[in-house]
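Chain letters run A, B, ... following the sequence lines, proteins first and then strands; every chain starts at 1. These numbers were taken from a predicted model, which means no experiment stands behind them.
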Amino acid sequence: MGKRVLLVEDEKNVILGVRTCLDAVGYDVEIVEDGGEALDAVRREHPDLILLDLLMPRVDGFEVLKVLKGKEDTSKIPIIVLTAKAEEEDKQRAMDLGADSYMTKPFKPQELWDTLKYYLPEA
Amino acid sequence: MESERLLLFQFISKCFERKAGVKLSNLPETVNLDTIANNLADAVFLVDREMNVVWLNQRAEEFFHTSSKKAQGGKITELTAINKLEDLLGEVFEQETALKCSYEEASVKVKRHDERYFFKIAINPIFHQGNLWGALVQLTDVTRFHEMEKIKTDFVSIVSHEFRTPLTTIIVGVEMLKEGMLGDLTPRGKEVLEAIGADCERLSRLIDNLMELSRIESGTIYVEAEPTDVADLVQEAVRPLKIQAEKQGIELITDLPPELPPVAADFNKAVWVLANLVGNAMRYTDPGGTITVQVRQRGKRHFFSVEDTGSGIPKEHQDKIFRKYVQVSGPGRKGTGGVGLGLAIAKDIVMAHGGEIWVDSEIGKGTTFTFTFPVFQGGESVTLPEAEEKGG
């Protein structure tokens, strides 16, 4: 069985792109479009890794990071931030909240695969 | 008071004579000093050597909510709440030369009734019977100009953000199609996708540059000068470009003496500057050409130079190329794939380190860009010069 990746992203086209990218190398992808849903999904599914957008309506990515990295049972799940926020301060804030990796959009599939492989070595 | 007004009148009439060839004594009697001074859009003050206000025009009274009576004899710094004037006036009095700062250098922020104003300052010394008597201080309201700059900077920042998301979809899609992961392609189809991929790279680079620029313009950039190994810096900047240079048939040489003392630089930003210069050189150098990256220490400075054997930059363009959005076109200058921000940013970064950047070029022979960074002296960090000051 492939590793389970939760993609938290609200842009339809980016979802299509990232999903295609992950399908191609055999990950199981679940998609949620909002931070609140993301928290529910994590509780329910306990994914192996989370790809997290920062700018989302209602509960944003920073909040998701804060909650998940603040709780013992979810703090071990690697979280890779995928965002259009390229400012150093945003990156610092996300890393301080416990993000494992920070990727600025746009990125190439290879970069995403390499990062995923690093955090999910057996896949 | 009258004698001072006379002095001012003489001063202004001299300026008129010099600039416009008009003798004020030839003007109708109804045109006098007040007519001129009070119809100026700028706030004008006459101060003595102690920086006390001797005279001010109507605009100055209006703006600083005062009257001639109240203002006279008081310190100009107190009246205007522009503390910076003290230093600037001191400088003018000491050197006995005029200070006419550019907008970037000497705009000050003044807060009044919760509104912010920006002024450009010009100071002219006034001499009386050969001795320094005082100065004429002129404040030009550049608030509107400042606002426009801010709007532009914000706009650039927003644009660079908004482009990132759609570009993600395009790049991910193109790359996967190109690799044949979504089905077979015709040779022509692959060629087209290669071209799209290359242009996407170009757009990404442009977005990065725009963002860097808006960061610098908004004054939030912070240059942390740390002891940095020169060889590491050069290596980091040149390495990613080696393959590209090989592909283009250009020889990329690095020439640095062993055991250079460390440079005081923000590593990533310094690498960016050097990589940008080498990247430029590659765009303007034909196959068979050479690009040499050289570092030399002279006194307390390291001189970094990037020399190419490209087409050269015409003399008339050499001054302009460090300005924003300026690109030089002409014979032998290939399509450049930028908007002319690279050098403007490079200049900002170099200057933030307290260095200088310049170009030497000869048509048909080549171009050398040189910039200096200070040799590391001790623990210090440098910020961009702040051209603002908060008034009360």
Side-chain angles (χ1 to χ4, degrees), chain A residues 2 5 7-27 29 31 33-34 51-57 60-62 80-95 101-117, chain B residues 153-154 156-183 193-194 196-224 240 266-269 272 345 349 383:
Chain A
V5 174
L7 171 63
V8 191
E9 168 69 63
D10 65 330
E11 286 271 344
K12 287 272 182 295
N13 291 346
V14 176
I15 291 173
L16 176 66
V18 175
R19 160 181 250 162
T20 310
C21 210
L22 296 181
D23 283 349
V25 287
Y27 293 108
V29 192
I31 293 149
E33 301 187 17
D34 159 73
L51 294 173
L52 179 67
D53 188 15
L54 288 180
L55 291 175
M56 286 176 299
D60 71 8
F62 291 115
I80 300 168
V81 172
L82 294 182
T83 180
K85 288 170 88 67
E87 261 87 22
E88 198 52 43
E89 308 88 83
D90 294 314
K91 180 178 178 181
Q92 199 54 56
R93 194 176 153 207
M95 297 309 270
S101 183
Y102 194 94
M103 289 178 69
T104 305
K105 293 174 184 170
F107 50 83
K108 287 188 174 176
Q110 193 63 51
E111 296 170 53
L112 184 60
W113 293 329
D114 289 348
T115 313
L116 282 164
K117 222 173 176 174
Chain B
T153 305
D154 290 352
V156 166
S157 165
I158 289 166
V159 164
S160 72
H161 273 137
E162 293 301 314
F163 279 23
R164 287 179 184 279
T165 302
L167 203 50
T168 307
T169 314
I170 299 172
I171 288 179
V172 168
V174 168
E175 289 295 318
M176 294 194 61
L177 285 165
K178 222 170 72 180
E179 297 306 319
M181 300 185 83
L182 302 175
L193 281 170
E194 293 281 351
I196 298 174
D199 276 353
C200 284
E201 297 250 339
R202 208 162 120 174
L203 276 175
S204 303
R205 213 168 47 228
L206 176 61
I207 290 166
D208 285 341
N209 282 0
L210 279 171
M211 215 182 70
E212 191 71 26
L213 181 79
S214 77
R215 229 182 257 171
I216 288 170
E217 285 196 334
S218 64
T220 51
I221 186 180
Y222 184 71
V223 172
E224 189 116 27
D266 189 310
F267 186 77
N268 288 333
K269 295 196 171 71
W272 192 95
I345 296 169
I349 292 174
T383 45

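Proximity to chain A is limited to the side chain of B:L182, based on heavy atoms less than 4.5 angstrom apart. With a threshold of 4.5 angstrom between heavy atoms, A:Q110 does not approach chain B through any atom at all. Only the side chain of A:T104 has a heavy atom closer than 4.5 Å to any heavy atom of chain B.
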Task: Trace of the side-chain contact (heavy atoms from CB on, under 4.5 Å) decision for B:L206 with B:F163 - done: CA-CA 10 Å; B:L206 176 61; B:F163 279 23; over 6 Å; no

Open item on the list: Run the side-chain contact (heavy atoms from CB on, under 4.5 Å) test on A:V18 and A:L112 for me, step by step, so that the C-alpha distance in whole Å, both residues' side-chain angles and the decisive distance to 0.1 Å come before the verdict.
Closed with: CA-CA 9 Å; A:V18 175; A:L112 184 60; 4.2 Å; yes

- [ ] Apply salt bridge (Lys or Arg N to Asp or Glu O under 4.0 Å) to the pair B:R164 and B:D208, showing each step before the final yes or no.
- [x] CA-CA 10 Å; B:R164 287 179 184 279; B:D208 285 341; 3.0 Å; yes

Task: Criterion side-chain contact (heavy atoms from CB on, under 4.5 Å) on A:F107 and B:I171, from CA distance to verdict - done: CA-CA 7 Å; A:F107 50 83; B:I171 288 179; over 6 Å; no

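Chain B forms more heavy-atom pairs under 4.5 Å with one residue of A:D53, A:T20, A:T83 than with any other, namely A:T20. Of the listed residues (A:C21, A:G17, A:A24), the greatest number of heavy-atom pairs within a distance under 4.5 Å of chain B belongs to A:C21.
In summary, B:E175 and B:K178 engage in a salt bridge, as defined by a charged side-chain N under 4.0 Å from a carboxylate O.
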